[in-house]
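Just so it is clear, the structure is predicted and the values come from calculations on it, not from any experiment. Just so it is clear: chains get the letters A, B, ... in the order the sequence lines come, proteins before strands, and each one is counted from 1.
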There are 2 protein chains.
Amino acid sequence: MIITKAGRRMFPAMRVKISGLDPHQQYYIAMDIVPVDNKRYRYVYHSSKWMVAGNADSPVPPRVYIHPDSPASGETWMRQVISFDKLKLTNNELDDQGHIILHSMHKYQPRVHVIRKDCGDDLSPIKPVPSGDGVKAFSFPETVFTTVTAYQNQQITRLKIDRNPFAKGFRDSGRNRMGLEALVESYAFWRPSLRTLTFEDIPGIPKQECRDLKTGCIFSKLDNLVLRQTKA
Amino acid sequence: MIITKAGRRMFPAMRVKISGLDPHQQYYIAMDIVPVDNKRYRYVYHSSKWMVAGNADSPVPPRVYIHPDSPASGETWMRQVISFDKLKLTNNELDDQGHIILHSMHKYQPRVHVIRKDCGDDLSPIKPVPSGDGVKAFSFPETVFTTVTAYQNQQITRLKIDRNPFAKGFRDSGRNRMGLEALVESYAFWRPSLRTLTFEDIPGIPKQECRDLKTGCIFSKLDNLVLRQTKA
DNA sequence: CTATTGGCACCTAGGTGCCAACAT
DNA sequence: ATGTTGGCACCTAGGTGCCAATAG
């Protein structure tokens with residue numbers, strides 16, 4: 001994922017559906033992004049692979065993206081697809097725009113938090129998400145990404161250009177569709193939720209995620225709460 | 001004010017500051033637009049005046065613009081300038097976009113409503129604003145306007161073009177500044193709140209509005225609540 | 001005749017990857 | 001050699017009044 005000083009959106013954006021909330025209870029919904037491991041990476045061209053290149057840089061100020069519809073009733077949240085498309089990433093550790101601060105060349109995992117309103121008094125864009133009984137965290141391992149300031153892999157560039165409406169100016173309509181379609185399939189992040197996935201094994205991420213054998217939908221479950229990723 | 005089938009913003013937008021709310025109470029804030037009288041108007045060029053041209057057309061479906069930040073705490077509302085710039089007007093009586101429906105060539109008065117959350121169960125974009133103890137309505141007579149589908153008065157056109165950023169393409173930089181500035185002064189709607197105003201006498205609008213003799217600010221008062229118009 | 005409509009050129013506002021310059 | 005930056009052309013999305021055509 002590209003990160004800049006000014007702040008850059010994630011693409012594609014995380015989109016989820018939620019069920020199992022109390023319709024009449026108020027909730028905040030938030031996202032934060034946590035390191036997958038303690039490593040710094042570099043991209044090795046000749047093998048087309050990310051390789052460990054030392055230990056992670058020192059931690060950055062904690063940031064939380066509170067979904068702009070927050071707070072809202074369980075009914076409201078469950079009725080809509082919850083999109084995080086306005087969330088922005090930055091590599092500026094002094095950022096004052098409330099963007100999520102990350103290190104370049106590191107691996108990260110986005111997390112979705114559901115916070116009962118009465119447990120959200122301590123919720124803040126610049127403090128870690130509070131923990132407790134009324135707070136649940138969900139994550140989808142196939143959404144793990146590596147941060148960069150410039151694309152390392154020409155295929156990722158192609159993918160972004162072809163799927164992001166704002167990059168239409170760079171599209172090459174005479175491009176090899178065969179290669180592109182095959183490539184899309186190989187990146188879980190873009191994969192429609194309706195097909196079978198094999199998850200990467202991400203150390204440190206609890207495997208609460210499941211796959212509905214009938215629909216192929218990816219979902220994450222906690223008590224009676226279910227979060228499901230939706231197609232872009 | 002221009003109205004179209006697709007919906008058009010008001011320009012300039014209404015902007016208010018509010019004080020006297022209970023900081024911890026939740027409120028909706030909404031706007032509706034009511035007829036000033038029962039007349040239809042036409043513009044007479046040679047006298048540069050709006051003249052009565054018969055009785056008003058039949059009533060249109062009631063519409064309410066609920067401020068998108070609703071509901072929010074009194075504290076939140078009082079901290080910010082409350083802007084109604086996303087509100088749109090239409091002359092399409094079959095509108096399904098939730099825009100406010102008006103007749104062309106009629107005179108209207110925007111109203112701001114402050115609704116305590118527990119009194120807002122009946123609040124809806126397509127129903128009249130509920131009345132009762134927890135609901136207060138404010139209006140500023142200098143914001144009365146006449147609806148059109150095309151500008152009747154070349155001076156209004158000039159004013160809009162020169163003040164609205166989206167109309168920059170029509171600006172004539174070599175234009176008579178003298179005439180324009182004098183014109184701005186003569187239209188109360190644009191006048192900065194910090195100068196003395198003489199209100200037009202609008203029949204049917206209760207005169208709860210006041211002027212602070214020291215600051216010249218226009219404000220509207222109900223119990224301990226005070227609404228004040230802000231400069232654009 | 002007057003009032004309305006829809007397509008248009010021209011803006012604002014802001015999200016893309018590119019690329020040459022720069023930093024380390 | 002590798003990673004980062006800022007200006008840029010090129011988009012999306014949508015708010016202006018203009019104007020010729022149309023409706024009544």
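Contact check, B:Asn91 against C:dT5: a side-chain N or O comes under 4.0 Å of OP1 or OP2.
With 3.5 Å as the limit, one finds no donor-acceptor pair spanning the side chains of A:Gln97 and A:Thr90.
Rounded to whole Å, atom C1' of C:dT12 lies 16 Å from atom CG of B:Asp162. Per the geometry, CZ belonging to B:Phe166 stands 17 Å off P belonging to C:dC10, to the nearest Å. Atom C1' of nucleotide D:dA1 and atom NE2 of A:His46 are separated by 14 Å, given to the nearest angstrom. Atom CZ of A:Arg8 is separated from atom C1' of D:dG6 by 11 Å (rounded to the nearest Å). As rounded to whole Å, 15 Å separates atom P of C:dG15 from atom NZ of A:Lys160. Following rounding to the nearest Å, B:Tyr151 (OH) and D:dG17 (P) show an atom-to-atom distance of 4 Å. If you measure from atom CD1 of B:Ile156 to atom P of D:dC18, you get 13 Å, rounded to the nearest angstrom. Between the CE atom of B:Met105 and the P atom of C:dT4 there is a distance of 6 Å, rounded to whole Å.
Put simply, the side chain of A:Val148 does not reach to within 4.5 Å of the side chain of A:Tyr43, judged on heavy atoms. B:Arg111 is not listed as a side-chain neighbour of B:Met31, based on a closest heavy-atom distance of 4.5 Å or more. Side-chain atoms of A:Thr143 and A:Gln109, non-hydrogen and from C-beta on, do get closer than 4.5 Å to each other.
For the side-chain contact (heavy atoms from CB on, under 4.5 Å) with B:Thr149, the lone residue among B:Thr4, B:Asn91, B:Ile2 that qualifies is B:Asn91.
At its two ends the helix from C:dC1-D:dG24 to C:dT24-D:dA1 runs along axes set 10° apart, each axis drawn from five pairs and the angle rounded to 10°.
Here C:dG6 is the nucleotide among C:dT4, C:dG6, D:dA9 with the atom lying nearest to any side-chain atom of B:Lys5. Ranking D:dG17, D:dG15, C:dT16 by closeness to the B:Lys88 side chain, first place goes to D:dG15. Candidate nucleotides C:dG15, D:dG17, D:dT12 were compared by shortest atom distance to the side chain of A:Arg9, and C:dG15 ranks first. Comparing atom distances between the A:Thr149 side chain and each of D:dT16, D:dG3, C:dT16 picks out D:dG3 as nearest. Closest approach to the A:Lys168 side chain among C:dT12, C:dT4, D:dT12 is made by D:dT12 (side chain taken as heavy atoms from C-beta onward).
The aromatic ring centroids of A:Phe84 and A:His67 lie less than 6.0 Å from each other.
Toward the 5' end of DNA chain D, the nearer of the two residues B:Ala167 and B:Ala150, judged by each one's closest nucleotide, is B:Ala167. Closest-nucleotide positions on DNA chain C for A:Gly7 and B:Gln152 were compared, and the one nearer the 5' end corresponds to B:Gln152.
For the pair B:Lys160 and B:Phe11, the cation does not sit on the ring face, since its NZ or CZ is not both under 6.0 Å from the ring centre and inside 45° of the axis.
Residue A:Thr4 is out of contact with every strand shown, counting any heavy-atom pair closer than 4.0 Å. B:Thr157 comes within 4.0 angstrom of sugar-phosphate atoms only, judged by non-hydrogen atoms across all strands, and of no base.
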* Asked: Given the rule in the side chain to side chain contact (heavy atoms under 4.5 Å, CB included) test, do A:Val52 and A:Tyr41 qualify, once you have shown the distances and angles that lead to the verdict?
  -> CA-CA 5 Å; A:Val52 171; A:Tyr41 288 81; 3.9 Å; yes
